[in-house]
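Okay, so here's the structure we're looking at.
Order of appearance sets the numbers: ligands from 1, and atoms from 1 within every ligand. Atom set for the values below is all heavy atoms of this structure, side chains included, hydrogens, waters and symmetry mates excluded.
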Amino acid sequence: MRVRHPELGPAPVALESTLLAHGVPRGAARPLADQLDAIVRTKGATPAVCAVLAGVPTVGLSPSQLAELLDANPVKTNTATLGLAIAAGRHAATTVSTTMELAAGAGVRTFATGGLGGVHRGYADRLDISADLAAFTRFPVAVVASGVKSILDVEATREALETLGVPVVGFRCDRFPAFYRRESEATVDERFDDVRTLASYVSMELDRTGRGVLICNPIPEREELDAGAWSLWLAEAERRASDAGATGRAVTPAVLGALHEASGGRTLEANLALVRANAALAGELAVAMSPITPG
Ligand code: PSU
Ligand code: MN
């Protein structure tokens, strides 16, 4: 796919725009984008926010392009609808699946986000599986995430990744993380404890397969939410989202928004903290994965 990108600096790290446009409240998007930018740069890597701008898939938005995107209230686009946004010349925010697609098109191999989409709860009644999962079978990008959003069926999502043959590795963890919680019942395929070893495996695997790898980075310990409080907030948020009539693609943003309200902002704080931690790890990973330039 043809992607517009500025001259990207060393060790580029893709960042998604759906998280900014739909995953956090309006006022939190800009400060979060600035923090992620600074964190990635601190590691010696180059941040590259991905989105579709007036129909042009772009990797590495300038600050004014990002402001324009956020003001435009862009549609959320997955691999199914990306081409439609391009054809219609729309502004669109990219999810994990389409950020992977754009990153791959620009040759960017590292990407940081919060949590993947996955298998929604209650799938026996109504099947809803994010296009994020299948994207790993198509695009050679290493995604650093804190597992999948715990509004989903975490164990079923882990199983779906297994079915798709997606490598799922843990950075300093043995369990598959559950976003606001450091651990779920599920496991990872392998644990890595240092970035260099992880980087050499990831580089080899992306080259070898041409497919993606999921790197799990649990939420920092001091930011983890209490399990009891979390399940109360989730029950409340699910009730609010379904009362509001959210279905399909609107479910994830609706439940996240309701959660942030029900928890008095605690889930938002945790969400922001884990995204920052993932940006830091992705920055280190991108640097460790870059070929050494002769000086
Ligand atoms: N992680 C977050 N906040 C978000 C998302 C992920 O911390 O808002 C977004 C991502 O863009 C992910 C999308 O790709 O939610 C999944 O949506 P769906 O379930 O509709 O595929
Ligand atoms: Mn869905």
Side-chain angles (χ1 to χ4, degrees), residues 14-26 28-29 32-33 35-36 49-52 69-70 74-82 85 92-103 111-123 125-136 138-139 141 143-154 156-157 160-161 166 177-181 212 214 216-219 223 225 237-238 241-242 246-260 263 266-279 282:
L15 300 168
E16 62 154 302
S17 45
T18 293
L19 169 65
L20 297 170
H22 298 284
V24 300
R26 262 277 154 120
L32 175 61
Q35 287 171 347
L36 298 180
V49 175
C50 302
V52 178
L69 180 83
L70 294 174
V75 293
K76 167 181 164 186
T77 182
N78 65 13
T79 38
T81 56
L82 177 64
T94 53
T95 56
V96 169
S97 65
T98 41
T99 302
M100 289 179 80
E101 186 162 6
L102 265 58
F111 165 24
T113 186
L116 303 185
V119 181
H120 281 261
R121 295 169 184 228
Y123 52 83
D125 296 327
R126 193 176 40 83
L127 188 66
D128 182 346
I129 303 178
S130 176
D132 289 353
L133 303 184
F136 281 83
R138 301 174 56 194
F139 309 115
V141 177
V143 181
V144 180
S146 302
V148 298
K149 286 181 288 277
S150 26
I151 61 175
L152 303 169
D153 186 322
V154 178
T157 303
L161 286 163
V166 177
F179 207 65
Y180 305 112
R181 303 281 305 157
L214 175 58
C216 297
N217 188 32
I219 184 171
E223 309 285 353
L225 297 183
E238 281 177 330
S242 93
T247 55
R249 288 178 193 121
V251 169
T252 299
V255 177
L256 286 178
L259 252 185
H260 298 336
S263 69
R266 285 292 293 115
T267 55
L268 175 61
E269 237 176 83
N271 193 339
L272 299 176
L274 65 87
V275 177
R276 288 192 293 261
N278 294 341

Does [X] use its side chain to pair, donor to acceptor, with the backbone of [Y] at less than 3.5 Å?
X    : Y    : answer
T81  : T77  : no
T157 : V119 : yes
N278 : T113 : yes
S146 : G115 : no

What is the name of the N/O/S atom of D128 that is nearest to the Mn ion (ligand 2)?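 The closest N, O or S atom of D128 to the Mn ion (ligand 2) is OD1.
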Enumerate the pairs of nitrogen or oxygen atoms, one from ligand 1 and one from the protein, separated by less than 3.5 angstrom; state names and distance to 0.1 Å.
from: ligand 1; atom 1: 1 (N); to: G115; atom 2: N; distance (Å): 3.3
from: ligand 1; atom 1: 1 (N); to: G115; atom 2: O; distance (Å): 2.9
from: ligand 1; atom 1: 7 (O); to: N271; atom 2: OD1; distance (Å): 3.3
from: ligand 1; atom 1: 11 (O); to: E16; atom 2: OE1; distance (Å): 2.5
from: ligand 1; atom 1: 11 (O); to: E16; atom 2: OE2; distance (Å): 3.3
from: ligand 1; atom 1: 14 (O); to: V96; atom 2: N; distance (Å): 2.8
from: ligand 1; atom 1: 14 (O); to: D132; atom 2: OD1; distance (Å): 3.2
from: ligand 1; atom 1: 14 (O); to: D132; atom 2: OD2; distance (Å): 2.7
from: ligand 1; atom 1: 15 (O); to: K149; atom 2: NZ; distance (Å): 3.1
from: ligand 1; atom 1: 17 (O); to: K76; atom 2: NZ; distance (Å): 3.1
from: ligand 1; atom 1: 19 (O); to: T252; atom 2: OG1; distance (Å): 3.0
from: ligand 1; atom 1: 20 (O); to: K76; atom 2: NZ; distance (Å): 2.8
from: ligand 1; atom 1: 21 (O); to: S130; atom 2: OG; distance (Å): 2.6

For residues 246-257, run the donor-acceptor check on the side chains, cut-off 3.5 Å, and write out each pair with its distance to 0.1 Å, sequence neighbours left out.
none

Say you draw a straight line from CG of N271 to CZ of F179; how long is it, rounded to the nearest 0.5 Å?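 If we round to the nearest 0.5 Å, N271:CG and F179:CZ are 3.5 Å apart.
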